[in-house]
Amino acid sequence: MIRILKYSFFDLMRGRWSYIYAAFYFILGYALLFLNNDVSKAVITLLNVIISLTPLIGVIFGVMYYYNSRDFTELLLAQPIKRTDIFLGQYLGLSLSLSLSLAAGLGIPFIVYGLFQSPAIFDFLSLLFTGALLTFIFVALGYNIALSFEDKIRGFGLAILTWLFLTIIYDGLFLISMMIFRDYPLDKFALGAAMFNPIDLSRILILLKLDISALLGYTGAVFEKFFGTNLGMTCALGLLSLWVILPVMRIIYKSGRKDF
Amino acid sequence: MITVRGLHKRFGKLSVLEGIDLEIDSPGIITILGPNGSGKTTLIKCLLGMAIPDKGSLIFNGKDILGEWDYRNEISYMPQIARFPPNLKVIELFNMIKNLRRGGGDDGALIAAFKLEPVLDKKLSTLSGGTAQKVNIVLTFMFDSPVIILDEPTTGLDPVALLRFKKLIWEEKNKGKTILITTHIMSFVEEISDRIVFLLDGNIYFEGTVADIKTQTGENDLESAIATILQ
């Protein structure tokens with residue numbers, strides 16, 4: 001598996017998309033630092049960008065990489081390699097290269113600006129960590145979609161829809177149901193609703209870490225009240241890991257039964 | 001060496017293989033013939049574990065291959081269409097596959113034979129169809145596997161390369177290897193095959209030598225014999 005991972009990773013690092021992706025974050029990081037003139041403020045602004053952008057890029061690249069490397073996958077399938085190793089190797093290679101683009105793109109401007117002297121360094125690192133976690137989650141979702149649909153158009157459509165659903169529609173539905181059922185106690189419902197959305201979970205995780213109650217929102221506040229800050233963070237982290245593990249297990253299951 | 005028993009495979013509603021029984025126990029060249037969509041490639045893909053059969057068993061050297069992967073060390077496979085990861089260079093692809101398979105792999109002589117030295121440092125995406133096919137040939141033949149499977153190997157080759165390729169097949173055959181080939185070029189079949197397996201609608205319609213098929217249909221050349229079967 002390590003060998004496949006290595007090849008996928010280096011193959012991607014040489015492609016121009018990783019540079020474009022890194023360059024985007026680089027410019028974004030510089031712009032935010034220039035406008036905010038303060039590391040911690042820039043981190044908060046970045047939070048909102050990262051939390052919606054890494055899922056989009058993750059799911060799209062997951063789908064695209066699977067479709068584009070189909071021939072290569074077929075070449076590998078005829079070699080004496082376990083199927084699981086091929087697909088997990090590719091998945092990890094892609095997730096790592098996207099995470100590295102994110103870390104390098106944002107890391108350089110922040111380091112240049114004086115991140116190491118700033119108290120916000122751990123906030124920044126936890127932001128990068130969450131971004132990487134979201135990348136791993138959404139690349140896995142993208143891979144799942146591509147494994148289930150031979151048709152590229154359908155795959156891409158579903159990928160965009162998944163992202164749209166989890167970033168926008170889910171919150172909308174959540175708010176509407178809050179309005180309708182406002183006469184009832186909704187704490188447990190809100191808690192459950194947040195757990196089923198990795199984007200909400202990451203937002204809560206970071207805001208708990210940054211300790212900014214004002215931005216937590218209803219679900220975050222419930223989360224904090226229910227678990228407390230530390231347990232809340234552990235819980236959010238555990239659930240996010242589950243969001244990686246379950247889709248990866250489905251990749252293993254699905255790829256083992258597929259015809260090529 | 002290879003035993004196929006009652007192999008069934010469907011893709012959705014389309015039934016591709018309907019109970020294939022095949023025994024390959026001696027070295028030599030076996031050509032798998034049949035019209036488009038008769039299941040040649042599917043049979044090969046089942047052998048390689050790329051497609052998973054619905055029913056039936058595939059035994060390779062006494063072991064069922066379902067879910068196994070180690071046995072593929074014994075098989076070299078050349079796919080129908082040569083498409084490779086576009087960002088890699090030719091030499092990197094060779095090194096990578098050597099790295100992934102056990103037991104070295106000797107590409108030097110083959111690269112020279114097919115005159116691939118000038119393109120070794122080129123990216124795979126820039127190669128022409130014929131050159132890509134030559135790369136495909138080198139990838140397949142650089143390992144000393146007892147079984148070689150070639151799916152439409154002659155596509156896109158120029159006459160010189162084709163000649164060199166035929167010589168290569170002879171050499172491998174004389175080493176006592178089992179070679180499975182699918183092709184539509186009948187002169188090629190007549191020239192090389194020890195045995196023919198003719199697939200039609202997912203069944204083995206005919207099995208035997210080139211001489212057998214000619215006597216059975218009463219035709220003088222293979223092309224007409226096949227045409228007679230199909231009518």
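Keep in mind it's a predicted model, so treat the numbers as computed, not measured.
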message: Out of Glu74(B), Lys45(B), Glu68(B), return the one with the most heavy atom pairs under 4.5 angstrom to chain A.
response: Lys45(B)
message: Quick check on the interface: out of Lys258(A), Glu74(A), Arg3(A), Arg70(A), who has the most heavy-atom pairs with chain B under 4.5 Å?
response: Arg3(A)
message: Main chain of Leu12(A), side chain of Ser18(A): is a donor-acceptor contact present, judged purely on distance under 3.5 Å?
response: yes
message: Does the structure place the NZ or CZ of Lys9(B) under 6.0 Å from the centre of the six-membered ring of Phe11(B), at an angle of no more than 45° from the ring's axis?
response: yes
field: Region of Leu76(A) that comes under 4.5 Å of a non-hydrogen atom in chain B
entry: side chain
query: With no hydrogens and no angle check, is any side-chain donor or acceptor of Tyr91(A) less than 3.5 Å from a backbone partner on Phe136(A)?
result: yes
task: Using a cut-off of under 4.5 Å on heavy-atom pairs, state which of Leu88(B), Ile52(B), Leu48(B) scores highest against chain A.
output: Ile52(B)
message: Is the ring pair Phe165(A)/Tyr170(A) parallel, tilted or perpendicular, if the boundaries are 30 and 60 degrees?
response: perpendicular
message: Does any backbone or side-chain atom of Leu93(B) lie under 4.5 Å from a heavy atom of chain A? Answer side chain, backbone, both or neither.
response: side chain
message: Does either side chain, that of Ser57(B) or that of Asp64(B), offer a donor lying less than 3.5 Å from an acceptor on the other one?
response: no
- line: Greatest number of non-hydrogen atom pairs under 4.5 angstrom with chain A, of Gly49(B), Ala51(B), Cys46(B), falls to Ala51(B)
query: Does a donor on one side chain and an acceptor on the other come within less than 3.5 Å for Glu23(B) and Thr3(B)?
result: yes
task: Would you mind checking which part of Leu75(A) comes under 4.5 Å of any heavy atom in chain B, side chain (CB onward), backbone (N, CA, C, O), both or neither?
output: side chain
